[in-house]
**Q** 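Input: one structure, supplied below.
Computed from a predicted model, the values in this text were never measured in an experiment. The sequence lines fix the lettering, A, B, ..., with proteins before strands; numbering per chain opens at 1.
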Protein chains: 2
Amino acid sequence: MEITIDIESATPLFSQLVMQIKQAVERGLIQPGDPLPSIRQLANDLDMNNKTVAKAYRLLERDSVIVTKGYRGTFIHPEAKNNCTVDLNAWVRKELTQTIQSFKEAGVTDSEIRIAFADVLNQNSGV
Amino acid sequence: MEITIDIESATPLFSQLVMQIKQAVERGLIQPGDPLPSIRQLANDLDMNNKTVAKAYRLLERDSVIVTKGYRGTFIHPEAKNNCTVDLNAWVRKELTQTIQSFKEAGVTDSEIRIAFADVLNQNSGV
DNA sequence: AGTTGTACCATTAGTACACACGGTACATAT
DNA sequence: ATATGTACCGTGTGTACTAATGGTACAACT
């Protein structure tokens with residue numbers, strides 16, 4: 001599996017990693033059940049921090065594209081091929097677009113929306 | 001009509017103005033049809049910038065608590081008493097709370113929500 | 001002993017925005 | 001002339017977030 005990370009790119013490193021692994025799954029370059037390099041290993045190979053790779057892995061597992069089995073390592077999820085096309089972010093954006101649209105129609109200012117949003121997100125983080 | 005602005009307060013100046021005018025309407029201290037001081041006049045009296053007062057007036061008109069009649073000045077809206085109890089921000093926050101809650105239940109990260117939100121809000125601003 | 005994922009402490013640079021301020025200008029009316 | 005609301009150019013300060021980095025430590029297993 002070949003992974004190319006562009007330090008110069010505007011897209012975050014962890015995001016590039018996520019996309020590339022998803023693409024590799026889609027193209028069948030890696031199959032369900034295949035093992036992935038360990039976080040430390042991959043971080044070393046790509047010359048980036050452990051945390052950054054860990055972040056990418058965390059998101060990939062959230063999307064059920066990979067499965068981490070603790071000390072046994074990380075593997076491609078059985079249903080990876082289906083799950084990596086499901087774009088959670090697209091759904092979030094669609095929902096938000098609707099909600100924000102209704103706000104604007106009611107005359108709510110952009111900055112009012114932003115402030116309310118920040119409030120809500122911070123309040124719920126403690127719950 | 002007495003307005004007291006607290007420079008030290010954490011709540012923004014324009015917000016204090018909005019609240020105080022709404023309260024004055026609720027308590028009947030100012031009646032529908034009554035004229036309000038001009039933006040420049042009030043800014044001078046309260047020792048704040050024209051823009052800040054204008055911002056408060058703009059929001060009050062958005063909420064149909066006041067009516068600006070151009071060169072003829074600004075007046076209390078006929079339906080002011082009903083409209084000033086309607087809290088647009090409260091509605092916005094309630095809606096956002098629901099939406100964000102559903103995102104979190106789907107496992108979406110706070111920062112992902114923030115990014116999607118910023119994207120959507122900026123895209124729609126051009127529409 | 002060495003490796004797995006994960007959690008915690010932290011810092012740095014960059015970006016984006018809110019708020020308030022200042023000045024200037026406009027059309028419309030008295 | 002003077003006043004109305006409104007719109008545009010801008011500045012400065014403070015806050016808050018992202019992304020990425022570093023180090024240390026843990027339980028569980030080979």
**Q** Between D/dT18 atom P and B/Phe117 atom CZ, what is the distance in whole Å?
**A** 13 Å

**Q** Do B/Asp110 and B/Lys104 have side chains that approach each other closer than 4.5 Å (heavy atoms only, starting at C-beta)?
**A** yes

**Q** Roughly how many Å is it from CG in B/Leu42 to P in D/dT6, rounded to a whole number?
**A** 14 Å

**Q** Calculate the interatomic distance between A/Asp110 atom CG and C/dA18 atom P; express it in whole Å.
**A** 8 Å

**Q** Answer yes or no: is there a side-chain heavy-atom contact under 4.5 Å between B/Glu26 and B/Cys84?
**A** yes

**Q** Using distance only, find each side-chain donor-acceptor pair of residues 39-51 of chain A under 3.5 Å and give its atom names and separation, not counting sequence neighbours.
**A**
unit_1	atom_1	unit_2	atom_2	d
A/Gln41	NE2	A/Asp45	OD1	3.3
A/Asn49	OD1	A/Lys51	N	2.8

**Q** To the nearest Å, how far apart are B/Leu17 CG and C/dC21 P?
**A** 11 Å

**Q** When you measure from the side-chain N and O atoms of A/Ser111 to the phosphate of C/dA18, is any distance below 4.0 Å, counting only OP1 and OP2?
**A** yes

**Q** Can you tell if the side chain of A/Ser9 reaches within under 4.5 Å of the side chain of A/Gln16, non-hydrogen atoms only?
**A** yes

**Q** Rounded to whole Å, how long is the line connecting atom CG of B/Leu36 with atom P of D/dT4?
**A** 12 Å

**Q** Tell me the interatomic distance from B/Asp119, atom CG, to C/dT15, atom C1', rounded to whole angstroms.
**A** 14 Å

**Q** Restricting to side-chain contact (heavy atoms from CB on, under 4.5 Å), what partner residues turn up for B/Lys55, sequence neighbours left out?
**A** B/Phe14, B/Arg58

**Q** Under a plain distance cut-off of 3.5 Å, with no hydrogens placed, do A/Thr109 and A/Ser111 share a side-chain donor-acceptor pair?
**A** no

**Q** Which parts of nucleotides 20-29 of chain D does protein reach within less than 4.0 Å, heavy atoms only, written one letter per nucleotide 5' to 3' as B for base, S for sugar-phosphate only and - for none?
**A** SBBB-B--BS

**Q** Less than 4.5 Å apart, side chain to side chain, heavy atoms only: is that true for A/Lys81 and A/Ile76?
**A** no

**Q** C/dT4 P sits how many Å from A/Asn44 CG, rounded?
**A** 11 Å

**Q** Any donor-acceptor pair under 3.5 Å linking the side-chain atoms of A/Asp34 with those of A/Gln31?
**A** no

**Q** What is the distance from CD of B/Gln16 to P of C/dC19, rounded to the nearest Å?
**A** 12 Å

**Q** Quantified as the angle between the terminal helix axes (five pairs each), what is the overall bend of the helix from C/dA1-D/dT30 to C/dT30-D/dA1 to 10 degrees?
**A** 0°

**Q** Test: ring pair (Phe, Tyr, Trp, His ring centres under 6.0 Å). Region: residues 77-97 of chain A. Which pairs qualify, not counting sequence neighbours?
**A** A/Trp91-B/Phe103

**Q** Can you tell me how far the CD1 atom of B/Ile100 sits from the CD atom of A/Glu95, to the nearest 0.5 Å?
**A** 12.5 Å

**Q** Side-chain contact, heavy-atom cut-off 4.5 Å: A/Ile21 with A/Ile3?
**A** yes

**Q** Please list residues of residues 56-68 of chain A whose heavy atoms come under 4.0 Å from any atom in DNA chain C, ordered by number; otherwise none.
**A** A/Glu61, A/Thr68

**Q** Under 4.0 Å: is that the gap between some side-chain N or O of A/Ser38 and OP1 or OP2 of C/dT3?
**A** no

**Q** Want to settle it: does B/Ile115 or B/Gly70 sit nearer the 5' end of DNA chain D, counting the closest nucleotide to each?
**A** B/Gly70

